[in-house]
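Below you'll find the structure, written out as structure tokens, and then a few comments.
In what follows, chains carry the letters A, B, and so on, assigned in the order in which the sequence lines appear, proteins first and then strands, with residues in each chain numbered from 1. Scope of the values below: all heavy atoms of this structure, side chains included, with no hydrogens, waters or symmetry mates.
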2 protein chains.
Amino acid sequence: MPDGQDAKRPRTRIQQRNRDLILGAALEVFSTHGFRGATLDQIATEAGLSKPNLLYYFPSKEAIHNELLSGLMDTWLDPMRALESSGEPIAELLAYVDRKLEMSRLYPRESRLFANEIVQGAPRILEALKGDLKELVDEKVAVIRDWTNQGKIADVHPYHLIFSIWSLTQHYADFDVQVRAVLGEEEPFDAAPAYLREIFLKILTP
Amino acid sequence: MPDGQDAKRPRTRIQQRNRDLILGAALEVFSTHGFRGATLDQIATEAGLSKPNLLYYFPSKEAIHNELLSGLMDTWLDPMRALESSGEPIAELLAYVDRKLEMSRLYPRESRLFANEIVQGAPRILEALKGDLKELVDEKVAVIRDWTNQGKIADVHPYHLIFSIWSLTQHYADFDVQVRAVLGEEEPFDAAPAYLREIFLKILTP
DNA sequence: CCTTCCTTTGACCGACTGGTCAAATACTGG
DNA sequence: CCAGTATTTGACCAGTCGGTCAAAGGAAGG
């Protein structure tokens with residue numbers, strides 16, 4: 001009986017394996033078609049399971065989606081949590097940009113899953129945005145404000161600075177096809193890291 | 001007989017009005033739910049028409065979507081077309097940023113329509129991206145390269161500079177809910193224009 | 001071997017989807 | 001006013017959707 005309170009802690013190896021299979025397949029399908037655009041049949045096929053079998057491990061389509069989103073939210077914010085107030089300000093922020101861009105490179109599907117959700121009004125995670133996300137951002141904004149007040153980085157709007165970092169790094173995952181269509185043969189992630197480091201250095205230098 | 005070759009040039013006032021009604025409603029619905037997530041019933045209700053009546057003016061759901069995308073593509077690239085090689089380089093580029101941000105402020109639904117399409121792999125406009133879009137970008141990149149070669153702007157990667165402009169300006173339309181969730185009461189577009197002008201000035205100054 | 005519990009699935013359901021069609025209704029020029 | 005055309009719609013259809021269920025298949029311990 002995989003459903004219920006202890007669903008997150010499957011007992012058997014086979015439950016663990018199938019849950020992972022389903023979540024992996026669901027990530028693939030949800031991230032490329034959005035929630036409504038995805039179908040259980042697609043996810044089942046992708047996972048190599050039957051549709052009723054999916055619903056043996058998860059109570060509904062929405063439950064799979066929620067599990068993905070909440071499970072990913074933490075990972076997604078890790079690069080920001082790692083921003084240390086004790087470090088050298090500009091180095092800390094450039095390292096954050098690096099980590100964020102690396103996330104886009106390694107986990108583009110996760111990025112697109114969030115992008116789909118947010119572009120469509122974030123109906124399922126709005127509360128998390130106004131809660132946990134805002135809280136974390138507010139905390140880091142305070143750190144950035146300290147740095148600007150001490151003249152250690154340029155006096156830029158801290159919230160919009162953070163939006164810039166999100167926007168520029170995630171762009172390479174979310175709008176991948178557009179970037180590639182315009183670049184032609186050139187690989188986006190070849191030049192992007194150096195470019196972003198360069199411009200953020202200019203933005204942050206007092 | 002509204003369908004057929006001359007569909008774009010309706011004769012009567014009533015055809016013009018209903019086509020506009022439908023396209024307006026479709027923009028609203030497609031931009032908030034994506035292509036698959038949108039339904040003809042939603043669009044019909046939003047337009048104040050019956051579903052069969054929609055299909056009297058457009059042959060299919062996809063035809064409405066295509067009409068929107070192709071009709072918007074031109075408008076969407078106008079700010080970039082207006083970038084003049086004869087102007088003062090930094091002023092030209094900053095003005096481009098301004099125009100692009102203004103588009104996001106005035107036409108967020110159009111921005112999200114494209115965002116939805118591209119995040120999901122641009123299945124319906126990939127050819128346009130590799131064709132018209134790339135052509136226009138290549139042309140403007142040549143202009144930017146001239147400016148960098150002449151030392152009139154900083155030596156930044158021209159393609160990635162353009163991606164930056166797209167990314168940062170469209171972010172405020174596409175990820176509107178997230179920006180608002182984090183900012184709380186503050187209005188995003190209050191500080192964004194000055195912030196973007198400030199950082200792009202830093203990026204572009206040699 | 002049998003029992004018990006976990007896992008898998010074919011068949012099925014009601015709701016909804018994009019789309020059709022014939023008939024009804026408005027609108028137009030003569 | 002009328003004939004003809006343009007517009008609108010209720011009823012309907014086949015396919016797909018998320019989800020259910022009873023029954024079948026497996027694994028494990030005794």
Side-chain angles (χ1 to χ4, degrees), chain A residues 1-23 25-26 28-30 32-69 116 120 123-124, chain B residues 1-23 25-26 28-30 32-69 116 120 123-124:
Chain A
M1 53 178 81
D3 282 358
Q5 309 159 334
D6 259 337
K8 270 88 180 264
R9 290 228 174 171
R11 288 161 235 269
T12 73
R13 251 151 270 134
I14 189 166
Q15 280 183 27
Q16 181 67 267
R17 181 180 58 89
N18 282 348
R19 277 182 61 89
D20 290 350
L21 238 60
I22 293 169
L23 289 174
E28 179 69 28
V29 177
F30 281 135
T32 49
H33 299 283
F35 179 75
R36 271 214 81 191
T39 72
L40 287 179
D41 288 286
Q42 279 178 289
I43 300 174
T45 302
E46 180 84 21
L49 300 172
S50 70
K51 186 172 62 170
N53 208 3
L54 286 200
L55 295 160
Y56 173 71
Y57 290 99
F58 292 90
S60 69
K61 180 186 178 183
E62 188 146 16
I64 303 177
H65 195 248
N66 285 344
E67 177 90 5
L68 270 181
L69 282 179
N116 262 303
Q120 300 188 4
R124 279 165 281 267
Chain B
M1 52 177 82
D3 283 358
Q5 310 158 336
D6 259 337
K8 271 88 181 265
R9 290 229 174 171
R11 287 161 237 270
T12 73
R13 251 153 270 136
I14 189 166
Q15 280 183 30
Q16 181 67 269
R17 181 180 59 91
N18 282 347
R19 278 182 60 89
D20 290 351
L21 237 60
I22 293 169
L23 289 175
E28 180 69 27
V29 177
F30 280 134
T32 48
H33 295 96
F35 179 75
R36 273 212 79 194
T39 72
L40 288 180
D41 288 287
Q42 280 178 287
I43 299 174
T45 302
E46 181 84 21
L49 301 173
S50 69
K51 185 171 64 169
N53 208 2
L54 285 201
L55 296 160
Y56 173 73
Y57 290 99
F58 292 90
S60 70
K61 179 185 178 182
E62 187 146 16
I64 303 178
H65 195 249
N66 285 344
E67 177 89 4
L68 269 181
L69 282 179
N116 262 304
Q120 301 188 4
R124 281 165 281 268

Among C:dT9, C:dT17, D:dC17, find the nucleotide with the atom closest to the side chain of A:N53. C:dT9
Kindly point out which of C:dG19, D:dA6, D:dG18 is positioned nearest to the side chain of A:T39?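 Of the options given, the side chain of A:T39 lies nearest D:dG18.
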In whole angstrom, what separates [X]'s [atom1] from [N]'s [atom2]?
| X | N | atom1 | atom2 | result |
| --- | --- | --- | --- | --- |
| B:L54 | C:dG18 | CG | P | 10 Å |
| A:Q15 | D:dA28 | CD | P | 13 Å |
| B:L55 | C:dG18 | CG | C1' | 7 Å |
| B:L40 | D:dG15 | CG | C1' | 15 Å |
| B:R17 | D:dA6 | CZ | P | 17 Å |
| A:N18 | C:dC6 | CG | P | 15 Å |

Return no unless some side-chain N or O of A:Y56 is found under 4.0 Å from OP1 or OP2 of C:dT9. no
If you pin A:S50 and A:R36 to their nearest nucleotides in DNA chain C, which one's is more 5'?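 Here A:S50 is the residue nearer the 5' end.
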Nearest heavy atom decides the nucleotide; on that basis, is B:S60 or A:P52 closer to the 5' end of DNA chain C?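 Going by which nucleotide is closer to the 5' end, it is A:P52.
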Filter on side-chain hydrogen bond (donor to acceptor under 3.5 Å, both in side chains), then keep only pairs touching residues 39-49 of chain B, sequence neighbours left out; what's left? B:T39-B:Q42
Would you say the side-chain atoms of A:K61 pair up with the backbone N or O of A:L55, donor to acceptor, closer than 3.5 Å?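 Answer holds: no.
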Using a cut-off of 4.0 Å on non-hydrogen atoms, how would the nucleic acid contact of A:A44 be classed: base, sugar-phosphate, or nothing?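 Result for A:A44 = nothing.
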Look at all strands and tell whether B:A38 reaches a base, only sugar-phosphate, or nothing, counting heavy atoms closer than 4.0 Å. sugar-phosphate
Any N or O donor-acceptor pair under 3.5 Å from the base of C:dG19 to the side chain of B:K61? no
Taking all non-hydrogen atoms of both residues, which atom of A:I22 and which atom of A:I43 are closest, and how far apart?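 Scanning both residues, the minimum pair turns out to be O-CG2, 4.1 Å.
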Looking at side-chain heavy atoms only, is the closest gap between B:L68 and B:F30 below 4.5 Å? yes
